[in-house]
Every structure is written in structure tokens, then in C-alpha cells.
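Notes follow once the structure below has been shown.
Chain naming here is simple, since letters A, B, ... match the order of the sequence lines and numbering starts at 1 in each. The basis for the numbers below is simple: all heavy atoms, side chains too, and nothing from hydrogens, waters or symmetry mates.
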2 protein chains.
Amino acid sequence: MSKLIPARGYAAASATTPLSPFSFERRAVGEKDVQIDIVYSGICHSDMHQARNEWGGSVYPMVPGHEIVGRVVAVGDKVTKFKVGDLAGVGCMVDSCRTCASCREQLQQYCEPGATFTYNCEDPKYGGQTQGGYSDKIVVDEDFSLKIPENLDLKGAAPLLCAGITTYSPLRHWKVGKGQKVGIVGLGGLGHMGVKFAHALGAHVVMITTSPEKGADATKLGADEVLISKDADAMAAHANSFDFILNTIPVGHDMNPYVALLKRDATMCIVGAVEPWGAVHGGAMILKRRNIAGSVIGGIAETQEMLDFCGTHNIVSDVEVIAMKDVNTAYERMLKSDVKYRFVIDMATL
Amino acid sequence: MSKLIPARGYAAASATTPLSPFSFERRAVGEKDVQIDIVYSGICHSDMHQARNEWGGSVYPMVPGHEIVGRVVAVGDKVTKFKVGDLAGVGCMVDSCRTCASCREQLQQYCEPGATFTYNCEDPKYGGQTQGGYSDKIVVDEDFSLKIPENLDLKGAAPLLCAGITTYSPLRHWKVGKGQKVGIVGLGGLGHMGVKFAHALGAHVVMITTSPEKGADATKLGADEVLISKDADAMAAHANSFDFILNTIPVGHDMNPYVALLKRDATMCIVGAVEPWGAVHGGAMILKRRNIAGSVIGGIAETQEMLDFCGTHNIVSDVEVIAMKDVNTAYERMLKSDVKYRFVIDMATL
């Protein structure tokens, strides 16, 4: 089992060159590893940011991709969760320290020394950089591999591994459910999953968007109401009425109009904007004991819970399948929000 | 009982004139009212802001003051909580709608139509503007009057009605207690109460201040450690270690250094800055699921709980007693943080 496994992928060679074909070696399948032949790989905004070094610290060549689904083709001797032929998924993490307080609480995404992310990350166990899902195969510890319900449409399941868990986890953490009015801000890759999950959890879901033309789509996805954030009268009519708001806007923005929608003691959770947030008016926060929080992906156990929930409720992401050669075009279209709602690469086109 | 009660006070006549003597009439003592002869009245930053119309909407003449303690000198026929001779206190509110969701939950400070504040507030029940504690007497519904434990030093008890409850309420709401590391940012009227309460609640208390010279005082007040926020190495050593931070800085400021101190899932609660907060870095919030919240004073039941807690633990505010004629000077000194830690007016000097 010690032979390195040759793999092919699409990699960024620098911050300015487009992604192009790349051959490399995966590690051999260790005793706790599974080897997955990748069938679909979703495209996340963060892939583009890292391929282009927009967050700094990118190491090249870099094969992006952390929304990975495929079939298990080999398992190590001590693997118990998977057998050859099973569907399997890999999300944003492939390992973590496993000993810190967060890891012990099954919150590996908050691993204190830092989780080992699926690509563009130093691999403290095997050395070198991790490489992601725009590839024909991946070798991953079974503890960081997810079981994909067989009833799900596989291409739509890929984005669950990032867009799915990123929205599911805060909805669960802040206990969204029946009898609650929940806002989802922004209808993109994350937002459309937020609408589906909040609806399936039994909440009254309000899609909050700048774009009136997104209303019909939001309703189809499960929104009970659509609130156009540029309509000051409509926003005023919804003031102080939301139990929870999930804000998926991927850039810094004026949060005050959304804060004003929150009830006393309610939380707006930000999952998109990793850059500085706009200044929030203290009075609006203090006079209603409102909360603003952040959240990132979810732990492995919660990711499995989310996938099982999707299996039960037949929830997948709405996707546009593309060929590998079109990934650079897809990045450009993402910048214009020209995708409903997630690009997924068909790995057979590699 | 229908005769109006003549009162004297110190009032602002406009945003620019200093406070000066003023005679006016209190309402008669109604069947549920108590009349209190005011012994001490604390001076809150908000008194100055409103006397000077720095928040807008000030109505003159205005008698400020919402940290009021004194003796009951008359009670209405249906009063059950108080008898003549009892100590009594009045805080920031003298009434509320009593029917909204917040009032029903004993959170009158978040009354949805708006509580009736103790001064500079339209009085929806009796008409006109409410007038506050820089006065010889006040008539208040017993439901908004507080019982002051007889063992407390009365002058130090006055600031409990605002500075006390403003800090006690969030410490209780976010369940501060034994085994927790709690930061108090800013050592002023609010901050020094925060240190006392967090200590009495059993937390490991860290005073976080820009001023090394405040360290010795903070330790006397109950802080276990002092962290100088300008010392980048010290701040780094405390990163990710706080279970809760109570931020009492009264103006907008860069919150990022304090956010970095919070553990995963921990909250920083802002009780001072009602103006716009500085932009917070999204990454630091998202990657630790951190929370920022606001909080204002506390409900009447919780204010009574706080006063009883103070009685049990013999907690009062550290005060400097002044004569009424020195109130304008006190405002100027407050602007320079030249007070340890709250001015209290001796009403015998009126």
C-alpha cells in the first residue's frame, strides 16, 4: 500500500495564470484511508480567491476544490466506515489535531492549531501542500470522509460539502425551527441552500435580496416571503420581526438595515464576508440586545448529520454542470453572480 | 391625594446653558405611587449627553438624573411594596407599556412601544415630560420603584440603579460565573461595577485598560489580572482565552483587538458605545464563531435581584459626593475621566 498514486488535476500555477492541467502524486492509501474516484467537484468562491491569492498565502501549483463527491475505489486495512463502491464525500477539511477542545467537541472546523484544509494547506502529517477536488482522485482519512446518501442526485450533492454545511450549521447552532421567522440575506450558492434548509427545518423563511427578479426563484426554493432590501418601506414593515438572519453576502457591506430587522435578543450570523464588516450602529444593537456572529462550515459529525438530513428531505444544491476546460470561464461568471446556484465540474471531462 | 407636589431641582434650560435651580410640580401621589425624598442622585454620562442635546431630541427645561435613592415619605392607598420610611430607589425607567412581549418577560428596558424613561421623556400616562433625580423629590409607581437593602452605604447605592444594572444584567444574561475568564474593558463608572460583579459572581476577572496606572485600583476592586490593551505582546498572550468580555468604552472604537481575545463561541457585549462601532474584521468573527452583542440596563425584576445581590455581597459603587452647585464642574471632570468612579449629588445641598 506504499506506492504513491498518480493523479491528474486542474491547478493554478500562479495568482495570475488561469487553471490548467497538472499531474501529481497522491499519497498511498494508508490503513485508515479511503481512495475516492472523484465524480463531481463543486466550485466555491473561496477556490477563486485562493487560486488568485486574494487572501494571501497561496502556494502553487494549487489544485482547488473542497466540494467533492465520488466512489470509493480502495480502502485501508483498518477502515470500517466505507467499502469499495460506496459513495463518499470530502469537504473543506481532511484532518485536524484531534486533541484540542474544539476537536474533542467535534468542532474540527475550529481546531485550535488549525484544521488541515483540503487544499492550499500545509499538511502537518504527510508534508507538502494538500491538493483538492479539481482532480480525478483523492486519498483521505476515513474520519474526514462523509457518507453520501444514495438517493441524492450526485452532482447536486457536491456543494453540500461546503455551501451546504456552511448554512446548515448556523441554522442548527442558533436552533432555527418551527414558529420562527428566519431571514436569508443573499441568493447565491450559500443563500439558496440557506433557504432550502430553513424551510425544511420548519421556519417561516424570508428571502432578503436586492434583486426583485430573484423573488420567483426564492419562492420555488422554499421561501415564504421575499423582502427587497432596497425597498425602505418594506424593510420598515419587517423591522424588529426576525428571530434569526443568515447573512451570506460575500463581501463587507452596510449591516445596519439588516440589524434593524432583528427582534430583541435575535442574532444575525455572517457566513460570507471574511473581510471587514461595515460599522454597525451601537444604539440599534444595545437597545434590543441584538447579536452579530460569524460561523464557518461545520464539524465532521455535523456535516454527516446535514447529509443525512438532505437524504431524508431530498435536498441538494441547484447546480450547473460544466466541463473542466470551462472552469476559468466559470470563475468569471461567478464574479457576475451568473450561476444558479453553484458550478459543479463533471470530472469525466478532465 | 390630587394636589400637585411642588419640587425643586437642577435643570438644563437649553443645550448650551449650565444646569441651574428650577422649581416645578410633581404629580400628586396616585393610589399605586410612592413619593420619595431624594437623598442621593448619581450622575451618569447620559445625563450630560441629554442635558447638552448630544443625542438629539432633548426637551427643556430638563432635570436629569436616573440613579436615585431616598426615603419614602408618602404612599398611595394601593401600594403594597413600600411603607413610609422605607429606603427606595428609582433607575432609568418610571413606567412601560406593560403589555408587549418584552414587558411580559419582565424586560421593560426593551418595551416595544418604548419604556417611559425617568427624565427627558414624554410621559404617555400623565402628559408632559418626565423629570429626573437632580431634585428634592420624585413620585413614581411602586412597580418601578426598587427596594434598597438597608445595609448598603446609601451614597454608593445610587449608581447601582444605572451603572450597576447596566453591568450586572449582561453578566447574568451571558451566564458569567465560576470557572470563567471574564474581561472588563474600561475602568470608569460602568467598568468598576463590572469588575465588582464579575468577581462576586466567581469569575476570574481581567481588567482590560489602556492605562497602566489603573491597574492597582482594578486589583482592589476585585480584578485578578490587569491587561494593558496597548501592550501588543500581552494582548497576544491572552488571545482566544476569554469566555466573555464586557466592553464599557463609552465611544465608538476599534473592537478588533478585543475580538481577538474571545474564545470560540464567546461573546463581547457592548454597553457603552451607542454610536457607530468601528468596523470588525469578519474573518476573526467567522473563524471562531464569535459574537458581538449590545445590552441596555435591565428589567425591574432584575434590578431588584441586583440590589439584593449587592445587599448580600455588600457591593456599592465607589463614589465622589458633590454639592448640587458643582454639577456643571462634575460634567467637565467626567469628560476627562477625572472621577473615581461615579459622582453622586448630596441632595441636602440643593
Below 4.5 Å from any heavy atom of chain B, which atoms of [X] appear? Answer side chain, backbone, both or neither.
X       : answer
R290(A) : backbone
D265(A) : side chain
S169(A) : side chain

Distance-minimising heavy-atom pair for [X] and [Y]:
X       : Y       : answer
G282(B) : W277(A) : CA-NE1, 3.1 Å
I270(B) : I286(A) : O-CG1, 3.4 Å
A293(A) : N291(B) : CB-OD1, 3.2 Å

Cut-off 4.5 Å, heavy atoms of chain A, and the answer for N240(B) is neither

For atom CD of E54(A), is the number of surrounding heavy atoms from other residues, nucleotides or ligands below 6.0 Å larger than 12? yes

Rounding to 0.5 Å, atoms CD1 (I297(A)) and CG (L287(B)) come to a distance of 9.5 Å

Taking a cut-off of under 4.5 angstrom between non-hydrogen atoms, the residues of residues 91-119 of chain A near chain B are A101(A), S102(A), E105(A), L107(A), Y110(A), E112(A)

Assert top hit (heavy-atom pairs under 4.5 Å, partner chain A, pool M255(B), M285(B), R264(B)) equals R264(B)

